[in-house]
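Take this structure first; my questions come after.
Just the heavy atoms: all of them, side chains too, but no hydrogens, waters or symmetry mates, feed the values below. Chain A is the first sequence line, chain B the second, and so forth, proteins listed ahead of strands; every chain is numbered from 1.
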Amino acid sequence: MRIATWNVNSVRARLPVVRQWLQQSGVDVLAMQETKTLDETFPVAEFRDMGYDIAISGQKTYNGVAIASRVAMSNPVKGWDGRDPSRILAVEIAGITVIDGYLPHGGERGDEAFQRKLAFFEGFRAYLDRAYPADRQLLLVGDFNVAPEPIDVWAPEEMQDAIGFMREERDALEHLRAWGFVDLFRTFHQEQQYTWWDYRMNMFKRRMGMRIDHAWGSKNLSVRVVDCLVDVEPRTWEKPSDHTPVIVTISS
DNA sequence: ATGGTTGTGCAACAA
């Protein structure tokens with residue numbers, strides 16, 4: 001089974017690109033972030049036509065998460081403790097709990113949103129401690145808006161104040177990971193690889209990006225994972241998202 | 001220091 005995560009930056013604006021990628025990749029599950037639309041205006045029929053059932057937790061204009069699956073999916077849970085329903089969506093698929101997360105961007109140091117970002121990571125970790133036993137088969141995927149290590153950004157020395165690579169953000173990310181997750185991409189690949197490139201300043205063409213989209217497995221899930229890779233291709237297409245998909249392959 | 005781009009929705013904000 002293959003499960004992917006992709007910040008699509010508006011599911012309606014991105015429909016042609018998402019359709020093309022789903023058809024050529026043939027992944028079983030796609031967790032999306034920044035769908036930017038209400039559940040009522042989500043293009044459900046378009047996903048059904050491609051053979052995918054859909055779980056949605058959206059809002060107008062901002063945020064929004066959704067999971068498309070062509071294998072049986074059950075027990076959708078929006079948010080954590082009822083909070084942030086447009087950022088967190090969990091479902092059960094083949095005995096695996098898949099959590100789709102769009103973690104806060106946070107802005108610059110000193111912005112109100114920056115402290116809220118750090119508090120989100122702390123609070124969400126505490127929620128995972130309460131909600132899930134450590135032996136659970138758990139897959140946490142999504143746009144975490146933080147790059148973990150120097151290799152995951154294009155200029156680590158000059159980026160100490162860059163959104164997504166500040167010391168406080170990296171510490172918050174590591175604290176969340178320490179629930180018991182394994183960074184699946186880094187387990188299988190040691191090379192530099194980004195998942196997001198700013199639309200501005202030709203950052204993609206200049207190969208200046210960050211690895212801020214992640215797939216993390218609990219111990220008991222990670223032993224079943226046989227690969228995790230980044231598919232850069234859809235970032236080269238017309239009208240792309242600024243992010244590109246990460247794919248996890250799990251042995252049956 | 002600012003600007004650069006994209007999406008939503010039609011001005012301004014978020015990323």
Side-chain angles (χ1 to χ4, degrees), chain A residues 5-21 30-44 46-47 56-66 79 83-89 100-121 124 141-148 152-155 157-166 168-170 172-173 194-214 230 232-246:
Chain A
T5 177
W6 193 5
N7 180 325
V8 295
N9 185 18
S10 172
V11 69
R12 290 186 293 174
R14 214 61 62 211
L15 203 52
V17 158
V18 171
R19 181 185 278 121
Q20 171 67 27
W21 189 76
L30 175 60
M32 289 167 276
Q33 304 88 39
E34 280 205 90
T35 52
K36 292 188 173 180
T37 198
L38 292 164
D39 296 1
E40 307 89 271
T41 45
F42 194 101
V44 173
E46 286 81 349
F47 281 86
I56 320 167
S57 192
Q59 72 173 59
K60 191 175 172 165
T61 310
Y62 304 115
N63 310 325
V65 284
R83 302 168 59 171
D84 299 297
S86 68
R87 290 187 179 277
I88 300 290
L89 175 62
D100 182 11
Y102 174 52
L103 306 197
H105 177 270
E108 312 275 355
R109 254 193 211 100
D111 291 357
E112 235 176 85
F114 186 72
Q115 287 308 319
R116 284 203 303 271
K117 178 180 194 175
L118 301 182
F120 187 106
F121 276 78
F124 187 56
V141 298
D143 176 1
F144 298 1
N145 266 310
V146 184
D152 299 312
V153 301
W154 55 274
E157 322 75 34
E158 294 103 73
M159 292 173 71
Q160 300 300 314
D161 301 319
I163 297 164
F165 195 61
M166 286 179 265
E168 303 93 311
E169 297 174 292
R170 294 170 60 198
L173 182 74
Y194 308 135
T195 64
W196 170 82
W197 300 259
D198 201 310
Y199 283 126
R200 296 168 289 190
M201 305 287 289
N202 269 313
M203 296 296 260
F204 181 67
K205 278 184 181 163
R206 295 160 71 195
R207 302 169 185 267
M208 295 156 84
M210 296 173 72
R211 189 171 71 95
I212 58 175
D213 300 86
H214 301 290
V230 177
V232 178
E233 192 190 328
R235 188 64 177 78
T236 69
W237 296 347
E238 288 296 309
K239 293 267 296 173
S241 169
D242 45 352
H243 297 250
T244 211
V246 179

Next item on the list: Report which part of the nucleic acid F204(A) touches: base, sugar-phosphate, or nothing (heavy-atom distance under 4.0 Å, all strands).
Entry: nothing
Next item on the list: Quick one: the dot-bracket string of DNA chain B, using Watson-Crick and G-U wobble pairs with both distances under 3.5 Å, [ ] for crossing pairs and | for bases paired to another strand.
Entry: ....((((...))))
Next item on the list: Give a yes or no on whether the backbone of D242(A) and the side-chain of R235(A) come within a donor-acceptor separation of less than 3.5 Å.
Entry: yes
Notebook entry, point to check: Is it true that W6(A) and W21(A) have ring centroids separated by less than 6.0 Å?
Noted result: yes
Item checked: Test item: R19(A) side-chain N/O and E46(A) main-chain N/O as donor-acceptor pair under 3.5 Å -> no
Next item on the list: Check the distance between dA14(B)'s P and E108(A)'s CD and give it to me in whole angstrom.
Entry: 13 Å
Margin query: I need the CG-C1' distance between N63(A) and dA14(B), as an integer number of Å.
Written below: 9 Å
Note to self: Looking at N9(A), is its backbone amide N or carbonyl O close enough to the side chain of E34(A) to form a donor-acceptor pair, meaning the two atoms are under 3.5 Å apart?
What the structure shows: no
Next item on the list: Can you tell me, in whole Å, how much space there is between the P of dT2(B) and that of dT6(B)?
Entry: 23 Å
Next item on the list: Using whole Å, report how far CZ of R87(A) lies from P of dA15(B).
Entry: 6 Å
Check: If you measure from the C1' atom in dA11(B) to the same atom in dG7(B), how many Å do you get, rounded?
Finding: 14 Å
Check: Reading nucleotides 2-9 of chain B 5' to 3', which nucleotides get B (base under 4.0 Å from a protein heavy atom), which S (sugar-phosphate only), which -?
Finding: -BBBSSSS
Margin query: One thing to verify: whether E169(A) and K117(A) come together as a salt bridge, which I'm taking to mean a side-chain N less than 4.0 angstrom from a carboxylate O.
Written below: yes
Checklist line | Contacts of F144(A) that satisfy ring-ring contact (aromatic ring centres under 6.0 Å, His included) - sequence neighbours left out | finding: H214(A), W216(A)
Notebook entry, point to check: N7(A) and D213(A): side-chain contact (heavy atoms from CB on, under 4.5 Å), yes or no, with the steps?
Noted result: CA-CA 8 Å; N7(A) 180 325; D213(A) 300 86; 4.0 Å; yes
Check: Can you tell me how far C1' in dA15(B) sits from the matching atom in dG4(B), rounded to whole Å?
Finding: 13 Å
Checklist line | Pairwise C1' distance for dG9(B) and dA14(B), with rounding to whole Å | finding: 13 Å
Notebook entry, point to check: Between the main-chain N or O of T244(A) and the side-chain N or O of Y194(A), is there a donor-acceptor pair closer than 3.5 Å?
Noted result: no
Margin query: Main chain of R200(A), side chain of D198(A): is a donor-acceptor contact present, judged purely on distance under 3.5 Å?
Written below: yes
